[in-house]
Engineer: 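One structure is given below, represented as structure tokens, and several questions about it will come after.
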2 protein chains.
Amino acid sequence: MDEESLQNALKTAEILCAQRGVRFTAQRRRVLELVCRAERPVGAYEILDQLREGATAAPPTVYRALDFLLEQGFVHKLETLHAFIGCTHPEHPHASQFLICSDCGRVKELENEAIAGSLRTAAQETGFKAERPIIEVLGTCAHCRRKTEQAGTSPRVPLE
Amino acid sequence: MDEESLQNALKTAEILCAQRGVRFTAQRRRVLELVCRAERPVGAYEILDQLREGATAAPPTVYRALDFLLEQGFVHKLETLHAFIGCTHPEHPHASQFLICSDCGRVKELENEAIAGSLRTAAQETGFKAERPIIEVLGTCAHCRRKTEQAGTSPRVPLE
DNA sequence: AGCACTACTGTTATAATATTGCGAAAGGTA
DNA sequence: TACCTTTCGCAATATTATAACAGTAGTGCT
Ligand SMILES: [Zn+2]
Ligand SMILES: [Zn+2]
Ligand SMILES: [Zn+2]
Ligand SMILES: [Zn+2]
């Protein structure tokens, strides 16, 4: 996330917390900033390491902050990576989908109504009440595909 | 999984392994049986506890067997639960969706083409090559909804 | 059968992720 | 101020997963 988006995310979080009557403490702000500043999803212990620069911190510190940020919808958890990522549109609640590149590690958050809709429909057909849909697609992003395919089109050398 | 489905699953696994030229060892068979016999997804250490009844076993034992069964498509891993479940149609490779009841813990495996298709389309639009889609929906199954709603329709007692 | 080769297994240790419990501090309310 | 609730610091521990290495068993070849 670039500097501008980051500042925007922090400001948005601050406003939303005020509206919701919850506290946007320095600790929580700091963790949100660290998550958003990263290019890729970050693990809880990576955040912890960064929190420890200058201060003292233990796992509960970061997990509590993350729990709060998750509840407020400011960050998402990627279950397949055990890692966290800043939300790109925290203003409104949403069920999003994540495209995770196994090559470069970058993640794109989608908010695709067709996917969400077909999932709702399928769930309803079985009488299931969907509350928290998790959609994470591992694969290769456009950028990394180009890299790889160009490499692949160079004269093939037989193995050995 | 009932006894008949279980026997069927084991037989199918055996045949597929023979076709594929891989070994369906006693260890792997045992783990598949334990996973399939369960009503709900089972964690690796639950399996381990059961393996330990009578024999000696350590984490790598169960994780290695599970890795094999996952590769062969005989079981699935539920990332949100850190648990494993027997596949209901291991004959053909597939990307399925899981409806996970937070109440009773039971899981239904869907193979819904509309969902898979809309996901493929959305991914392609961004140039992303989808390789492993993970779709897990937490919610409440039809059975548990009925239970809860009936309870809800009984005369409401104000809280405190 | 004997032998080499590979795949599988046992064992120990350790890494990585996450939670519990408790008491102190800070922030809001009257 | 006193009172109550939420957050935080801290230590311990639980849960999930992997690494490294040595031994065993199956497989194919002669
Ligand atoms: Zn989001
Ligand atoms: Zn990439
Ligand atoms: Zn399946
Ligand atoms: Zn249920």
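On a predicted model such as this, the values are computed, not experimentally measured, just so you know.
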Engineer: Please list all pairs meeting ring pair (Phe, Tyr, Trp, His ring centres under 6.0 Å) that have one or both residues in residues 86-109 of chain B, counting only residues at least two apart or in different chains.
Structural biologist: B/H76-B/H94, B/H76-B/F98, B/H89-B/H92, B/H89-B/H94, B/H92-B/H94
Engineer: I need the full list of salt bridge (charged side-chain N to carboxylate O under 4.0 Å, His left out) pairs touching residues 58-74 of chain A, with sequence neighbours left out, sorted by first then second residue.
Structural biologist: none
Engineer: Does any pair with a residue in residues 25-34 of chain B pass salt bridge (charged side-chain N to carboxylate O under 4.0 Å, His left out), and if so which ones, sequence neighbours excluded?
Structural biologist: B/E14-B/R29, B/E33-B/R37
Engineer: Has A/E136 got a side-chain atom pairing as donor or acceptor with B/I134's backbone, closer than 3.5 angstrom?
Structural biologist: no
Engineer: CG of A/L99 to CZ of B/F128: how many Å apart, nearest 0.5 Å?
Structural biologist: 5.0 Å
Engineer: Short of 4.0 Å, heavy atom to strand atom, which residues of residues 32-39 of chain B count as contacting DNA chain D?
Structural biologist: none
Engineer: Output the rounded distance in Å from OH (B/Y45) to C1' (C/dA18).
Structural biologist: 14 Å
Engineer: Side-chain donor-acceptor pair under 3.5 Å between B/E111 and B/S96, yes or no?
Structural biologist: no
Engineer: Tell me, please, which residues at least two apart from A/T121 pass side-chain hydrogen bond (donor to acceptor under 3.5 Å, both in side chains).
Structural biologist: none
Engineer: Please set out all donor-acceptor pairs under 3.5 angstrom arising from side-chain atoms of residues 5-13 of chain A, sequence neighbours excluded.
Structural biologist:
residue	atom	partner	partner atom	Å
A/S5	OG	A/D2	OD1	2.6
A/Q7	NE2	A/E3	OE2	2.9
A/T12	OG1	A/N8	O	2.7

Engineer: Could you give the start and end, 5' to 3', of the contact zone on DNA chain D for chain B, using atoms under 4.0 Å from its heavy atoms?
Structural biologist: D/dT16 to D/dG26
Engineer: Which residue pairs pass the salt bridge (charged side-chain N to carboxylate O under 4.0 Å, His left out) test with at least one member in residues 115-134 of chain A, sequence neighbours excluded?
Structural biologist: A/E79-A/R132, A/E113-A/R120, A/K129-A/E131
Engineer: Is there any side chain to side chain donor-acceptor pair (under 3.5 Å) pair reaching into residues 41-61 of chain A, and which pairs are they, with sequence neighbours excluded?
Structural biologist: none
Engineer: What N/O pairs connect the protein and nucleotides 3-13 of chain C at under 3.5 Å? Give each pair on its own line.
Structural biologist:
residue	atom	partner	partner atom	Å
C/dA7	O4'	B/R23	NH2	3.2
C/dC8	OP1	B/R28	NH1	3.0
C/dC8	OP1	B/R28	NH2	3.2
C/dC8	O5'	B/R28	NH2	3.3
C/dT9	OP1	B/T25	OG1	2.8
C/dG10	OP2	B/Q27	NE2	2.8
C/dG10	N7	B/R64	NH2	2.5
C/dG10	O6	B/R64	NH1	3.0
C/dG10	O6	B/R64	NH2	3.4
C/dT11	OP2	B/T56	OG1	3.0

Engineer: Starting at CG of A/L48 and ending at P of C/dA18, how long is that distance when rounded to a whole Å?
Structural biologist: 12 Å
Engineer: With a 4.0 Å cutoff (strictly under), does any side-chain N or O of A/K77 reach OP1 or OP2 of C/dT17?
Structural biologist: no
Engineer: Applying side chain to side chain donor-acceptor pair (under 3.5 Å) as the test, list every pair that has at least one member in residues 16-25 of chain B; sequence neighbours left out.
Structural biologist: B/R20-B/Q72
Engineer: Could you state the atom-to-atom distance from OH of A/Y63 to P of C/dA16 in whole Å?
Structural biologist: 12 Å
Engineer: Need the bend value for the helix from C/dA1-D/dT30 to C/dA30-D/dT1: angle between end axes, 5 pairs each end, nearest 10°.
Structural biologist: 30°
Engineer: Keeping the roles fixed (side chain from B/Q97, backbone from B/N112), state whether a donor-acceptor pair exists under 3.5 Å.
Structural biologist: yes
Engineer: Could you tell me if the side chain of A/V107 sits less than 4.5 Å from the side chain of A/R40, heavy atoms only?
Structural biologist: no
